[in-house]
> 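Would you mind keeping the following structure in view while I ask a few things?
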Protein chains: 2
Amino acid sequence: MSPKRPPRPLTLRDVSEAAGVSEMTVSRVLRNRGDVSAATREKVLTAARTLGYVPNKIAGGLASQRVNLVAVVIPSLSNMVFPEVLGGISAELDDTGLQPVVGVTHYSPAREDAVLYDMLSWRPTGVILAGLEHSKAARAMLDNAAIPVVEVMDIDGDPIDTAVGISHRRAGREMAEEILRAGYRQIGFIGTHMPEDHRARKRLAGFEERLAEAGVTLAAREFYQGGSSLLKGRELTQRILAREPHLDFLYYSNDMIGAGGLIWCLEQGIDIPGKLGLAGFNAVELLDGLPMRLATTDARRIDIGRRAARIVSGKEAAPENGIVALTPTFIPGDTIRRI
Amino acid sequence: MSPKRPPRPLTLRDVSEAAGVSEMTVSRVLRNRGDVSAATREKVLTAARTLGYVPNKIAGGLASQRVNLVAVVIPSLSNMVFPEVLGGISAELDDTGLQPVVGVTHYSPAREDAVLYDMLSWRPTGVILAGLEHSKAARAMLDNAAIPVVEVMDIDGDPIDTAVGISHRRAGREMAEEILRAGYRQIGFIGTHMPEDHRARKRLAGFEERLAEAGVTLAAREFYQGGSSLLKGRELTQRILAREPHLDFLYYSNDMIGAGGLIWCLEQGIDIPGKLGLAGFNAVELLDGLPMRLATTDARRIDIGRRAARIVSGKEAAPENGIVALTPTFIPGDTIRRI
DNA sequence: GTGAAAGCGCTAACAC
DNA sequence: GTGTTAGCGCTTTCAC
């Protein structure tokens, strides 16, 4: 029977008076700290529940100089990739008393700086952020914060403290390897035109590097702006094949456009993987429901989230060299010729 | 040239000493408050930047009794639906100085209570939460918080303060209307078995209600547990059609399983929409890339997020009756017969 | 097992 | 235009 819309939020003092014990005792009960007799404990809990008291973490955080927040800074939420990393983080944080707080940068370094500044002003316990490329300002802020920093997704570079992820260069190399082994030689690439998507860039670099070792050059490339959708994948595939009909393989920078391309090719009756092979990147769940399974690389998103969370929470020690390398896994699917 | 990893985070006092002015003046400059001479302003900003000072919002919030946070409580992030609502919220909050903080309940009322408790303990400026169904405890907490509460997605029920959304009952009715008009009569339903998915339940209720008015009864229904994926849509469609081959329409509780069903049907060479009609719900972007466009209802997710954010931020007054009703829009696509 | 006092880093209110 | 003082609601520390 709590009063409706009290003008002033309840404080510890209100509970303390209702229970007839000191504020300190109430505080102890509510945090399960120190010895409190079962009787007082019960009195306090009853009073708190009856009043509908919700502790004020702002005050608590200031007093204790500890805040149970982990800042998570990611480029996008509309990608399905980062929500999955987040899922891993959240799952692993669940029993630590830590809570993730998410900031989104939209792949903009300026926004990354702003988001970081904002999150750090809450004095979080640790920071998890995507990628290894950050502005000088961002690095300075993180240095000054004096808290654990885990950079996720990518390990090709120098981490501030610790990096957890896969080598995108290696993922690109390995995909090239598989494509070459299957005998494809006229290879096209379709990806985002995003100077800030460093991971896609590194994959492409590794990909071309391996092709070059086999004396093969990328026969065509098509870049696009904005988000990735099935529709965009269809359009880009149509366009690149119209321009370069001799292509026998298309490597997409992500599964979403890859799947769009696949659907379009099947509609056109193109012989896949015989006449044309296809591959994407990420191993998103979506692929399992399509008429044919797109070849791809599992980017280990959930594992990345979990390991990162384990490290910021102290469950797991950060490695000496600062790098936790997970293995990108090639998934053959049905769109690369078997030999 | 900031020192590396200082043992103690910087405070206002450090900036104050470096700039040779009072803490209060520093505070004013950093918040753009009150009159400060251009000269002092410059001195302070330089000092703050050089040191790499990041204000402590914990302390600021406690002192000012104001926190620029909006709690957003949603059931899931793996759905693509809620991230879009979030996108609308975030876009509209962008120029208000308010910041969304997200909590996820996984459709569990117990977790909703826990998440709310946790978020309210940060004393946010307002709360946006999905749905109108909440525990007594949750309602009590929200009442006590004495801050604006906007419930989103659904308007079929009694809002605490304000509800922004569509009527799912109406969305269900209108889809039934369209299906009946097209002449389908042997109608099956496929949806999640989630007692806590009130919106899906209300849609189904409205759907059956309208069918009943036309003397039509649902010919079959299939429920499933867990998340929605293309794969699940394929399996369920196969199963329901094996059991009830006479069905001439399938109404899915969301586009993801609907799209999976559509793909499977096309693979089987089933005549769509002639022999079998299909419809989903949500109007997700995915549908635009499929070989055939699934009929669906636009649930107005982004608009819902925007309006909700406008209301918590005070940009827009909450309506007298507490209900902001958006119109669910029927999208015919290609999977319902034209007449 | 419980309580009293001090203070976390800021900002509101007011003085100058 | 700038400074001083008090205090936000807790927790730390220490006393009993």
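Chain letters run A, B, ... following the sequence lines, proteins first, then strands; residues in each count from 1.
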> For A/D158, is the CG atom crowded, meaning more than 12 foreign heavy atoms sit under 6.0 Å from it?
no

> Whole-Å distance between D/dG9 C1' and B/I58 CD1?
13 Å

> Taking the basic N atoms (NZ, or NE/NH1/NH2) and the acidic carboxylate oxygens, is any pair closer than 4.0 Å for A/R111 and A/D118?
no

> Regarding B/R31, tell me which of base, sugar-phosphate or nothing describes its non-hydrogen contacts under 4.0 Å with the strands shown.
sugar-phosphate

> Could you say whether B/S37 or B/L62 is positioned toward the 5' end of DNA chain D, judged by the nucleotide with the nearest heavy atom to each?
B/S37

> How many whole angstroms separate atom CD of A/E23 from atom C1' of D/dG9?
8 Å

> Phosphate oxygens OP1/OP2 of C/dG9: is one of them under 4.0 Å from a side-chain N or O of A/Q65?
yes

> Just how far, in rounded Å, is P of D/dG1 from NZ of B/K43?
14 Å

> What is the distance, rounded to the nearest whole Å, between atom CG of B/L12 and atom C1' of D/dG3?
14 Å

> Does the side chain of B/S64 get closer than 4.0 angstrom to OP1 or OP2 of C/dT11 through an N or O atom?
no

> Let me know the distance between NZ of A/K57 and P of C/dG9, rounded to the nearest Å.
20 Å

> Between A/R8 and A/D14, does any NZ, NE, NH1 or NH2 come within less than 4.0 Å of an OD or OE carboxylate oxygen?
yes

> Name the nucleic acid region contacted by A/D35, choosing base, sugar-phosphate or nothing; use a 4.0 angstrom heavy-atom cut-off, strictly under.
base

> Base, sugar-phosphate, or nothing for B/R66, non-hydrogen atoms under 4.0 angstrom?
sugar-phosphate

> Rounded to the nearest Å, what distance is computed from the CE atom of residue A/M24 to the P atom of nucleotide D/dC10?
12 Å

> Looking at A/S27, does any N or O in its side chain come under 4.0 Å of the phosphate oxygens OP1/OP2 on D/dT11?
yes

> Within less than 4.0 Å of OP1 or OP2 of C/dT2, is there a side-chain N or O belonging to A/T40?
yes

> For A/R41 and A/S37, which I'm curious about, is there any donor-acceptor pair between the side chains at under 3.5 Å?
no

> Would you please confirm or rule out a distance under 4.0 Å between OP1 or OP2 of D/dC10 and any side-chain N or O of A/Y53?
yes

> Any carboxylate oxygen within less than 4.0 angstrom of a Lys/Arg side-chain nitrogen, looking at B/D95 and B/K315?
yes

> Checking all strands, does A/R28 fall into the base, sugar-phosphate, or nothing category for heavy-atom contacts under 4.0 angstrom?
base

> Can you measure B/R123 atom CZ to D/dG9 atom P for me and round it to whole angstrom units?
9 Å

